[in-house]
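We name chains A, B, ... by the order of the sequence lines, and we start the count at 1 in each one.
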Number of protein chains: 2
Amino acid sequence: MTEATAKPSAKLKLLDAAMSVIRIKGFSATSVDELCAAAGVTKGAFFHHFKSKDELGVAAADHWSETTSAMFAKAPYHDHADPFERVLAYVALRKDLLAGSLPEFTCVVGTMVQETYETSPAIRDACDRSISAHAETLEADIEAAMRDRHLRPEWTAKSLALHTQVVLQGAFILAKAKGGAEIAAESVDHLSRYLTLLFSPPKVERQS
Amino acid sequence: MTEATAKPSAKLKLLDAAMSVIRIKGFSATSVDELCAAAGVTKGAFFHHFKSKDELGVAAADHWSETTSAMFAKAPYHDHADPFERVLAYVALRKDLLAGSLPEFTCVVGTMVQETYETSPAIRDACDRSISAHAETLEADIEAAMRDRHLRPEWTAKSLALHTQVVLQGAFILAKAKGGAEIAAESVDHLSRYLTLLFSPPKVERQS
DNA sequence: TTGACTACATACCAACCAGTCGGTATGTAG
DNA sequence: CTACATACCGACTGGTTGGTATGTAGTCAA
């Protein structure tokens, strides 16, 4: 099912175009014609590969999952021996990614799910899958870090992993509102500080 | 400029309708006709009060600012004598508000700015004003809490106030993706925990 | 009474929308 | 060479879109 990168098929060109156009204009405001123009293909090609605009939305979310998970899988933050260092380095990477323009660093599925969560269950599910699957890759490191530091907190690794995604998604919204990523970066700093406080208690009594 | 609440004018009915319809379908997917139908008025009334759909978007963001600021202004969390307690109680209130349905507790301006930040500067600015003005009401309490606890941290009251809004906006997105507010609530718990860690250091050396 | 004004309603339009359809070009298996 | 599949094209359609032009009922002041 994976496409050969040599010959860019119409389907791939449409999905790549969707990544950028949806992040600029949102899903609803992006017309099929516009998508075809951006991809350099015709409407016939569009409806040959996708039964409907909604089906492209689902495919776009899946495509986003694949490209981003591949990118994060080969990122160097995994190289740290200490699992907590891996988590911190992941957050640092997310902060670094806030450079560049807004349509470049914001999230396709975060944008799409806002517009479609009530009107298109298929797209919403695809967006949920994308976010949750990415969070699960963090969950493993967080769990390892918890074991490593002998933490038995009231929160779970899963909720903390999802919290990192909450902060990032929220940071994107504030960045869009402000027209720049400065406070988004500061918010990621707050997240980093929170993690450090959780995993490096300055000196606290151990219960049990 | 403030409307009398006695007689629901077409303008007010349109703005109230916008609050709910936009949160359900998003701004782009909400048509003027639909808005008029929801408000029980005709298109003539719409374009009498708003020059364009974009202008309604701006008015909707302003309307959102007014209604929410009025609601938070009379909320009981201000009654705490301790400023940090006020901040914590605010966050607790935001968590309580996560009950109810998604279109009820999510944010109009957070939804709108995602779709319009690149295509409508006027709406984006109105959304920014709404979020930033609300954050500023928190900033005062945070600053007071910082003085109260003699904190001289590397972060600013402003960035922390905005961070609370980042977490809330992100929580809304995750809630939409998941179809429920459970992890949104857990994320607000993480925010609460972060604030507690920042303002109640278990025992740390004082510099200077 | 009149005239100006506000607050709507009705009727309408051109552009645009998602989706369809008949057709072509290029395989590929037998 | 036949039979059929896949990939793609672009004109077309019926309905929807944001927006306009015009009408009218009520209000207030002179």
Closest heavy-atom contact between A145(A) and F199(A)? CB-CE2, 3.5 Å

Can you list, in residue-number order, the parts of residues 117-126 of chain A that come under 4.0 Å of DNA chain D, counting heavy atoms only? none

CZ of F172(B) to OG1 of T111(B), rounded to nearest 0.5 Å, is 9.0 Å

For the pair made of CG in L35(B) and P in dT16(D), what is the distance, rounded to whole Å? 17 Å

Does K43(A) get its side chain close enough to the base of dA18(C), under 3.5 Å, for a donor-acceptor pair? yes

Would you check if the distance from the ring center of H78(A) to the ring center of F72(A) is below 6.0 Å? no

Taking NE2 from H48(B) and C1' from dG18(D), how many angstroms apart are they, rounded to a whole number? 18 Å

Tell me the interatomic distance from F47(A), atom CZ, to dG10(D), atom C1', rounded to whole angstroms. 13 Å

Using a heavy-atom cut-off of under 4.0 Å over every strand shown, decide if T42(B) touches base, sugar-phosphate, or nothing. base

Heavy atoms within less than 4.0 Å of DNA chain C: which residues of residues 49-56 of chain A have one? Give them sorted by number. S52(A), K53(A)

Measure the distance from CG on D33(A) to P on dA15(C) and round it to the nearest whole Å. 15 Å

Honestly, is K53(A) close enough over F27(A), meaning NZ or CZ under 6.0 Å from the six-membered ring centre and within 45° of the axis? yes

What is the distance from CZ of F46(A) to P of dT20(C), rounded to the nearest Å? 12 Å

With pairs defined as Watson-Crick or G-U wobble and both distances under 3.5 angstrom, please note down DNA chain C as a dot-bracket string, | for pairing with another strand. ||||||||||||||||||||||||||||||

